[in-house]
Asks: 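Encoded as structure tokens, here's the structure I'll be asking about.
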Amino acid sequence: MRAYHLINTGSDLASGLNYLRIVDLEIPRPARGEALVRQHAASLNYVDLLAVSGQYPPSVLPQIPLMDSAGVVVELGEGTDGPPVGTRVAIHMLPDWLSGPTPQFGTPRARGFNMPGALSEYAVVPSAALARLPDTMSFAVGATFSTAGTTAWNVVREANVMPGSTVLILGTGNISLFALQFAKAQGARVIITSSSDEKLALARDMGADCGINYVATPNWDGVVLDLTDGKGVQLIVETTGAETFAKSIQVAAVEGIIASAGWRTGATVSFPINRVQQYNLRIVGGMVGSVADFKAMMRGVAATGIAPRVDRCFDFENASDAYRWLARGGGFGKVVITI
């Protein structure tokens, strides 16, 4: 089978991509409890850029990169229960975390980091980690859900978002866009920020009620408070980190939740602890979710017809271009590689 190997990591994306090579490997065989999936699409996440550039390197090299994919079950290990051969599926990126509390960081296997990932024609994974795709969903769309989708699903669920809730989403990255769709499906009012008026318009097309350009309006926190009559918002999807966290604290409503799901502007933050105490705020981490969460999300997606936006698809042979496109940051939606 054809696969990509990341044989080493670089000091930046450009140097790291020099170590991304197409290789020929034997098709793996599934053992008991495992399934062999013919993968048809894989999608990129921001952490995949960090992996190649050496900022968050795989613990095992060479490694087949990427976490998220979709395909068709072509073989089950002897005595294995699971989706039957021929079933169209998406694969969870932490296939051993079936349910229950969040495991200690780094302990479960993660696709593309300490076990083979998504950028290959075939993959062997635990059969329990597979979620069925709706019949009308393409593989390209199905490959987008595992990491960003499950993270956003759990964030919205954690905040008990409902009609009458107001949700603030920072940025228009993939977790943000999934959170927008899930929050709107729950009947919430959604405010979203971006540095691009074009992306804000696209977010409104996806259901956002209000958009704020944080470059044109650096005091966006004051605008959020004006939009909520000074009461603040019930949930902030905080994907930015150091530059915005203190403002996120200031716009949270009483008993509001700040969900930390990214740190693009830095991972070390400073904020007023008295506001957290006085407003009884909760700061929670966005740590993907279990296979059970993933499957619940996919059932919700099937029931509501939610479909994420795919920004661009790249051919398998041009995988490096997909990395570069994501790194540019100009797109809107998921970047997918067809296999």
Side-chain angles (χ1 to χ4, degrees), residues 43-50 55 144-145 147-156 158-159 161 166-184 188-225 227 232-252 256-269 271 283-288 308-312 325-335:
S43 73
L44 277 77
N45 296 280
Y46 182 69
V47 70
D48 296 315
L49 301 181
L50 302 182
Q55 299 176 63
T144 66
F145 283 99
T147 302
T150 310
T151 300
W153 172 269
N154 282 339
V155 162
V156 172
E158 178 74 21
V161 171
T166 300
V167 176
L168 170 64
I169 298 172
L170 301 188
T172 54
N174 291 307
I175 292 174
S176 296
L177 296 183
F178 274 113
L180 163 61
Q181 291 181 290
F182 293 146
K184 291 304 298 181
R189 179 191 188 199
V190 174
I191 304 168
I192 195 165
T193 70
S194 174
S195 61
S196 164
D197 288 337
E198 180 182 0
K199 290 183 179 181
L200 288 175
L202 292 170
R204 291 190 187 95
D205 290 342
M206 294 179 68
D209 298 280
C210 306
I212 305 172
N213 186 318
Y214 60 79
V215 173
T217 310
N219 295 323
W220 55 264
D221 49 329
V223 176
V224 171
L225 289 174
L227 289 170
V233 300
Q234 284 71 47
L235 170 65
I236 300 101
V237 182
E238 174 47 90
T239 66
T240 308
E243 290 184 2
T244 58
F245 212 91
K247 289 184 176 181
S248 293
I249 295 287
Q250 293 294 339
V251 300
I257 292 178
I258 299 95
S260 177
W263 57 88
R264 290 187 181 229
T265 63
T268 301
V269 301
F271 58 85
I283 299 173
V284 301
M287 167 58 181
V288 192
R309 181 185 173 98
V310 173
D311 177 60
R312 183 166 294 195
W325 179 257
L326 179 61
R328 284 183 55 199
F332 186 86
K334 292 291 286 187
V335 177

Asks: Go through the steps for Ile258 and Val284 under the test side-chain contact (heavy atoms from CB on, under 4.5 Å), then give the verdict.
Replies: CA-CA 6 Å; Ile258 299 95; Val284 301; over 6 Å; no
Asks: Under the criterion side-chain contact (heavy atoms from CB on, under 4.5 Å), I'd like the reasoning laid out for Thr240 against Phe245: C-alpha separation, chi angles, the key distance, then a yes or no.
Replies: CA-CA 8 Å; Thr240 308; Phe245 212 91; over 6 Å; no
Asks: Determine which pairs satisfy side chain to side chain donor-acceptor pair (under 3.5 Å) with at least one residue from residues 209-223, sequence neighbours left out, and list them in order.
Replies: Lys184-Asp209, Asp197-Asn213
Asks: Would you say that Cys210 contacts Arg204 through its side chain, given a criterion of any heavy-atom pair below 4.5 Å between the two side chains?
Replies: no
Asks: For residues 169-182, please give each side-chain donor-acceptor pair under 3.5 Å, one per line with the distance, not counting sequence neighbours.
Replies:
from	atom 1	to	atom 2	distance (Å)
Asn174	OD1	Lys334	N	3.3
Ser176	OG	Leu170	O	3.1
Ser176	OG	Gly171	O	3.1
Gln181	NE2	Ala307	O	3.0

Asks: So Leu168 and Thr193, side-chain contact (heavy atoms from CB on, under 4.5 Å) or not? Walk me through it.
Replies: CA-CA 8 Å; Leu168 170 64; Thr193 70; 4.2 Å; yes
Asks: Side chains of Glu238 and Ser248: is there a donor and an acceptor less than 3.5 Å apart?
Replies: yes
Asks: Can you see which heavy atom on Ile249 is nearest to which on Ile283, and at what distance?
Replies: CD1-CD1, 4.1 Å
Asks: If every non-hydrogen atom of Ala159 is compared with every non-hydrogen atom of Ile257, which pair is closest and at what distance?
Replies: CA-CD1, 3.6 Å
Asks: What pair of heavy atoms forms the shortest contact from Ala246 to Phe271, and how long is it?
Replies: CA-CB, 4.0 Å
Asks: Any idea which heavy atoms bring Gly331 and Asp311 closest together, and the distance?
Replies: CA-OD2, 3.5 Å
Asks: Quick one: does any side-chain atom of Asn154 pair with a main-chain N or O of Val288 as donor and acceptor, under 3.5 Å?
Replies: yes
Asks: Would you mind reporting whether Ile191 and Leu227 have side-chain heavy atoms less than 4.5 Å apart?
Replies: yes
Asks: Would you name the heavy atoms of Leu200 and Ser194 that are closest together and state the gap between them?
Replies: CD2-CB, 3.6 Å
Asks: Does Arg309 use its side chain to pair, donor to acceptor, with the backbone of Phe332 at less than 3.5 Å?
Replies: yes
Asks: Specify the closest pair of heavy atoms between Val190 and Ala183, including all atoms of both residues, with the distance to one decimal.
Replies: CG2-CB, 3.8 Å
